[in-house]
Amino acid sequence: MSDVHPIRSRRPGLSVGALIIAGIVLVAFGAVGAWLQRDARGRSAEPRTEFTASNPPAGLPTALTTGQHLRWSPCTSPPTARTGYDCATMKAPLDYRKPDGRTIDVALIRRKATGPNAQRIGSLVLNFGGPGVSGVSELPEFLNQYRPLLDRYDLVSFDPRGVGATIPVRCGKTADDTGYDGPRACAEHSAALLPYVGTSHTARDLDLMRYLLGDEQLHYFGVSYGTALGAVYAHLYPSHVGRLVLEAPVDPTEDLSEEQVSQVKAVQAAFDRFAAHCAARIRPCPTGDGPKEAARRMASLAHRLEKKPAPAGGGNTLDADDLAYAVSDFLDLGTDGWSPLAKALTALIDHNDGGPLSDGADEMGSADHAATPPDNSRVAQAAITCADSSLRPDFDRLDQDEARVKAASPVFGAAWSTGVYLCYDWPFDGERLTPQVNADGAAPVLVVGGTGDPTTPYPGARNMARALGDGVGVLLTAEEEGHGTYPQNRCVTEAVNQYLRTGRTPAAGAVCRGTMS
């Protein structure tokens, strides 16, 4: 497991329960007929009508708007996308303040809609979180979560700036190294890119993408960090907002330091709920008779791993920080992760075997640990975060922030506290303390928050809905454990799918029952 954990990544996991629910919803929404009409590549046999848009982004040269056409062709990578997917490259300005200057290539991937042309709404652009997650890699991995929408939408994703195949940031020991060797290495290898990889730049890419996909308005599904991207887009282009879903939202009212404290409190609370369940339902329970005993046992285990990390298979080891991050990855899965987490902790405590804990976290969709070369997700995460945040504390403030994070959680505070140093000595200034997301005049935006979310705490969902503006942000609350509730929660899935199909939002203040009800 990596020893680099600059900040907690924000991205959904995928459980067996999610796959089952996705299959049920597929039938419930009458997609079986469209499924039977598809050819061997999973596409409709009916001739396809391409859409065109009449509202190009203002201020860009015609070479990038009316003169540019996406040339889709079968994907060659990743291997999971070689059947049924198309890929393309979009030209965009490196610096939107100099639209006639240098351009960049933005990597896109698409799964074509399967339903009749007359029912097709357009493209649904997906961002899976991070920041730093490759949409080109992840669309095939997460397709089953969104498959019920394929009868009405092309599903489209992309590599945001700094990520994957879109001007990838490098901060390793060499220009080809995808590892993270600190801010100086970023400046040495990627100085020309770092000022242009922030969320507001990627939001402008989204509007150019919308136009080239042929849509008058952007239809978008953003998860976790993807909610920040979607909300910034709504602020910049309120008249271009179509149907936007912001699920597991980040809190737009918190700066980077405040976010660290809120997040570590939320993951500690989720762990306490796991520990209480474990004590009551699992025999033997590796964390003891409740949250207080669990905290003591985890402290003892962390101390042991600090002295001597546990073997984790394949020549890897698991240390105290790895322990905290791996446990949080299981908690992101909600109650589906509780039984596997108990088994993995038992293996570590009783047999000094860190393999089940680290391997399980990887397999369950962790953006922190699943990245393997040439994936640069960890580096991109740092670059995008520091491009967005203007917080550059001095050493006195850093010491205070580190102490606050440690004090906020007996189990996770020490590991999370290193995040306060992420943007210290960064070679470029960040954009703002908090993002601008007010979107007066935009169409209603559906904000979905889970009350037991350990990674993007529920208060952030309330704050996001308010910050978007009256009549814009519509909050749907899910009483669920875990990071993200779609499609795990049937009520959320039905509400989100109805909104994306019809534009109708749930009633104000709607609540979906779940594992915390």
Side-chain angles (χ1 to χ4, degrees), residues 56-71 87-109 125 127 130-136 156-172 175-178 180 183-213 218 225-226 228-230 232-233 235-237 240 374-390 423 426-432 435-436:
L60 296 185
T62 57
L64 296 178
T65 56
T66 57
Q68 180 175 193
H69 303 280
L70 297 177
R71 300 184 183 277
C87 287
T89 298
M90 180 184 80
K91 294 287 185 183
L94 173 66
D95 182 355
Y96 277 88
R97 294 166 300 182
K98 300 176 181 178
D100 293 308
R102 176 183 170 184
T103 61
I104 65 170
D105 291 338
V106 179
L108 309 180
I109 187 171
V125 180
N127 181 281
V133 172
S134 164
V136 173
V156 176
S157 195
F158 65 105
D159 285 355
R161 290 170 175 238
V163 180
T166 302
I167 56 169
V169 172
R170 294 287 185 258
C171 299
D176 297 326
D177 185 356
T178 58
Y180 185 72
R184 291 185 181 180
C186 293
E188 179 181 355
H189 302 304
S190 296
L193 305 178
L194 293 179
Y196 308 108
V197 299
T199 300
S200 65
H201 296 278
T202 299
R204 291 177 170 86
D205 290 341
L206 275 179
D207 201 52
L208 179 58
M209 193 183 307
R210 167 203 61 79
Y211 172 74
L212 295 175
L213 290 169
L218 177 71
Y225 161 77
L229 176 58
V232 169
Y233 178 90
H235 168 75
L236 293 173
Y237 304 101
H240 293 176
D375 187 335
N376 75 322
S377 61
R378 294 185 182 89
V379 173
Q381 187 181 33
I384 295 167
T385 300
C386 297
D388 287 348
S389 174
S390 63
C423 299
W426 196 256
F428 294 94
D429 292 337
E431 189 168 331
R432 303 177 58 83
Q436 288 181 298

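Remark: R204 does not engage D207 in a salt bridge, criterion side-chain N to carboxylate O under 4.0 Å.
How far OG of S200 is from CD of Q436: 9.5 Å, rounded to the nearest 0.5 Å. Here the CE atom belonging to M90 is positioned 10.5 Å from the OG1 atom belonging to T103, to the nearest 0.5 angstrom. Atoms OG1 and CG, from T202 and D159 in turn, are 10.5 Å apart once rounded to the nearest 0.5 Å. Rounding to the nearest 0.5 angstrom, the gap separating the CD atom in Q68 from the NZ atom in K91 is 8.5 Å. We find the CE-CG distance between M209 and L108 to be 5.0 Å, quoted to the nearest 0.5 Å. Atom CG of L206 is separated from atom CZ of F158 by 4.5 Å, given to the nearest 0.5 angstrom.
Of the N and O atoms on the side chains of D388 and T199, at least one donor lies less than 3.5 Å from an acceptor on the other residue. No hydrogens or angles considered: nothing links the side chains of Y225 and N127 as a donor-acceptor pair under 3.5 Å.
Taking every heavy atom of both residues into account, Q381 and T385 meet most closely at O-OG1, 2.7 Å. The minimum heavy-atom distance linking L193 with P168 is given by the pair CD1-O, 3.9 Å. Listed here is the closest heavy atom pair of A387 and V197: CB-CG2, 4.2 Å. For the pair V232 and A203, the tightest heavy-atom approach, listed with the atom from each and the gap, is CG1-CB, 4.0 Å. The nearest pair of heavy atoms linking H201 to Y96 is O-CE1, 3.9 Å. Considering all non-hydrogen atoms of both residues, L70 and A88 come closest at CB-CB, 4.4 Å.
You'll find the side chain of L194 reaches within 4.5 Å of the side chain of P427, heavy atoms only. A 4.5 Å side-chain heavy-atom check between Y211 and H240 finds every atom pair outside the cut-off. Residues Y233 and L218 meet the side-chain proximity criterion, which asks for heavy atoms closer than 4.5 Å. Residues T65 and L208 have side chains in contact (heavy-atom distance under 4.5 Å, counting atoms from C-beta outward). With contacts defined as side-chain heavy-atom distances shorter than 4.5 Å, the pair S377/V133 does not qualify. The side-chain heavy atoms of Y196 and R102, taken from C-beta on, include no pair separated by under 4.5 Å. Between V125 and L213 there is a side-chain heavy-atom pair separated by less than 4.5 Å. Counting heavy atoms from C-beta outward, C386 and F428 have side chains that stay 4.5 Å or more apart.
With S190 contributing its side chain and R170 its backbone, the two residues share a donor-acceptor pair below 3.5 Å. Although no hydrogens or angles enter the test, the distance criterion places a donor-acceptor pair under 3.5 Å between the side chain of N376 and the main chain of G162. No side-chain donor-acceptor contact under 3.5 Å links E431 to the backbone of G198. The backbone N or O of A107 sits less than 3.5 Å from a side-chain atom of T166, completing a donor-acceptor pair.
Heavy atoms of other residues, nucleotides or ligands lying less than 6.0 angstrom from CZ of R184 number 12 at most. Environment of CG in D95: crowded, with over 12 heavy atoms of neighbouring residues, nucleotides or ligands closer than 6.0 Å.
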Show your working on side chain to side chain contact (heavy atoms under 4.5 Å, CB included) between V163 and I384 and close with a plain yes or no. CA-CA 9 Å; V163 180; I384 295 167; 4.0 Å; yes
